[in-house]
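We count ligands from 1, going down the list as the structure has it; atoms in each ligand are counted the same way. Numbering starts at 1 and runs along the sequence shown.
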Amino acid sequence: NEALHLQLEVTRYGKDEALVIVRDITRLHNLEQMRRDFVANVSHELRTPLTVIAGYLETLQNSDMAPPAWRRPLVQMEEQAARMTTLVNDLLLLARLETSERKTGDVSVDVRELMERVAREARSFSGDRHQVSVACEGDCSIRGDASELHSAFANLALNAVKYSPGNGEIQLRWWQDNDGGHFSVRDQGIGIDSLHIPRLTERFYRVDPGRSRDSGGTGLGLAIVKHVLLRHGAEMSVHSVPAQGSTFTLHFPSTKLEESPSRELMETE
Ligand code: ADP
């Protein structure tokens, strides 16, 4: 009674002939589903114990009960508990994003407001070491899921801070053209060697694992961005020069196309 998942591959030979290969991928699909459910369940189960541990650690730190020699270990334990909480939250978000290929919400999002919010978060994350500028040209709105778009924009902006040691300028830009809306984050940081670029959105792929962990990275940020983009029919391009900086650009399809009557008709049919 279980749904069957088939994959079709069509190769055309001239005008009248075609080779059609039908693959039964039900087993693979179910295994993938089990993997996703497992990760989501484990992450969910880890949340409660983590909240309790973090809570008691905070109480101990703020009380006089802990002897002075415990101060440093307590700070480290609290930092690690916070790291684990971020990791668990990122795993849960990724599992949720992977369950469907369509965005959850579909509202008009004010991109300028979103960018201002992300810029404030980036400045606070950097301890005001970096200058974060925001520029919005043309129609500063997009249709999509507000919370998912925030995750994608914020991940790119926080990465720009994390991978720009010292200080430096970070530019957040939005513009529209005939192809659609584009959001870019430009930094003057360490840059990325071109050989790593195709693998950046893989889960836990890091160019320099030590640096990523030290800066609080979970290795899931760009995987989250990728899934948000998939759900919005969008794509990402990366331009980077080692030791000079990187520009990550998100390309969203034209909103006007999404709102056209023919598209709406197709969706209701
Ligand atoms: P992480 O949590 O490690 O930052 P991400 O998935 O967000 O994980 O990014 C994957 C890797 O891509 C990072 O570990 C880092 O090596 C590289 N990276 C991402 N953004 C930048 C950037 N703006 N500049 C340089 N390297 C970057």
Point to revise | Nearest non-hydrogen protein atom, atom 21 (C) of ligand 1 | key: Tyr163 CD1, 3.5 Å
Review point. For ligand 1, which atoms sit closer than 4.0 Å to a heavy atom of Ser246?
Key: 24 (N)
Study note, to complete from the structure: for atom 16 (O) of ligand 1, nearest protein heavy atom and its distance come out as Val207 N, 3.1 Å
Review point. Mind checking whether Phe252 and Trp174 have parallel, tilted or perpendicular rings, split at 30° and 60°?
Key: tilted
Practice item. Pick one of side chain, backbone, both or neither for how Ile192 approaches ligand 1, counting any non-hydrogen atom pair under 4.0 Å. Key: side chain
Exercise for review: Starting from atom 3 (O) of ligand 1, find the nearest protein heavy-atom neighbour and note its residue, name and distance.
Suggested key: Ser212 OG, 2.4 Å
Review point. Which atoms of ligand 1 have any heavy atom of Thr218 under 4.0 Å away?
Key: 2 (O)
Point to revise | Sub-4.0 Å atoms of ligand 1 with respect to non-hydrogen atoms of Tyr205 | key: 10 (C), 11 (C)
Exercise for review: Could you tell me whether some N/O pair between Gly191 and ligand 1 is separated by less than 3.5 angstrom?
Suggested key: no
Practice item. Say whether, by atom type as modelled, one donor and one acceptor occur between the side chain of Arg143 and the main chain of Asp106 under 3.5 angstrom. Key: yes
Review point. Which ligand 1 atoms, with their elements, are less than 4.0 angstrom from a heavy-atom of Lys162?
Key: 1 (P), 2 (O), 4 (O)
Check your understanding: Using heavy atoms and a threshold below 4.0 Å, how should the contact between Asp187 and ligand 1 be classified: side chain, backbone, both, or neither?
Key -> side chain
**Study point:** Heavy-atom donor-acceptor pair, His232 side chain to Val228 backbone, under 3.5 Å
**Key:** yes
Revision key, fill the gap. The reported gap from CD in Glu78 to CG in Leu60 (rounded to nearest 0.5 angstrom) is 10.0 Å
Point to revise | Shortest protein contact, atom 19 (C) of ligand 1 (heavy atom only) | key: Asn159 ND2, 3.6 Å
Point to revise | Between Ser237 and His251: side-chain donor-acceptor atoms closer than 3.5 Å | key: yes
Practice item. Might you point out which heavy atoms bring Leu19 and Tyr13 nearest each other, and give the distance in Å? Key: CB-CE1, 3.6 Å
Check your understanding: Can Asp37 and Gln33 be counted as having a side-chain donor-acceptor contact under 3.5 angstrom?
Key -> yes
**Study point:** Protein heavy-atom partner closest to atom 6 (O) of ligand 1 - residue, atom, separation in Å
**Key:** Leu222 N, 2.8 Å
Point to revise | Modelled atom types, side-chain donor and acceptor of His182 and Asp177, under 3.5 Å | key: yes
**Study point:** Sidechain N-carboxylate O distance under 4.0 Å for Glu121, Arg117
**Key:** yes
Practice item. Tell me whether the guanidinium CZ or amine NZ of Arg72 lies under 6.0 angstrom from the six-membered ring centre of Trp70 and within 45° of its axis. Key: no
Exercise for review: For ligand 1, find out whether one of its N or O atoms is nearer than 3.5 Å to an N or O atom of Phe248.
Suggested key: no
Review point. Hey, is Leu200 one of the residues with a heavy atom under 4.0 angstrom from ligand 1?
Key: yes
Point to revise | Shortest reach to atom 2 (O) of ligand 1 by a heavy atom, considering only Gly210, Gly221, Ser215, Gly219 | key: Gly219
**Study point:** Nitrogen or oxygen of Ile190 less than 3.5 angstrom from that of ligand 1
**Key:** no
Review point. With a 4.5 Å limit on heavy-atom distance, are the side chains of Glu169 and Asp187 in contact?
Key: no
Review point. Short list, please: which atoms of ligand 1 are under 4.0 Å from a heavy atom of Arg206?
Key: 3 (O), 14 (O)
Check your understanding: Is Arg211 touching ligand 1 with its side chain, its backbone, both, or neither, if touching means heavy atoms under 4.0 Å apart?
Key -> neither
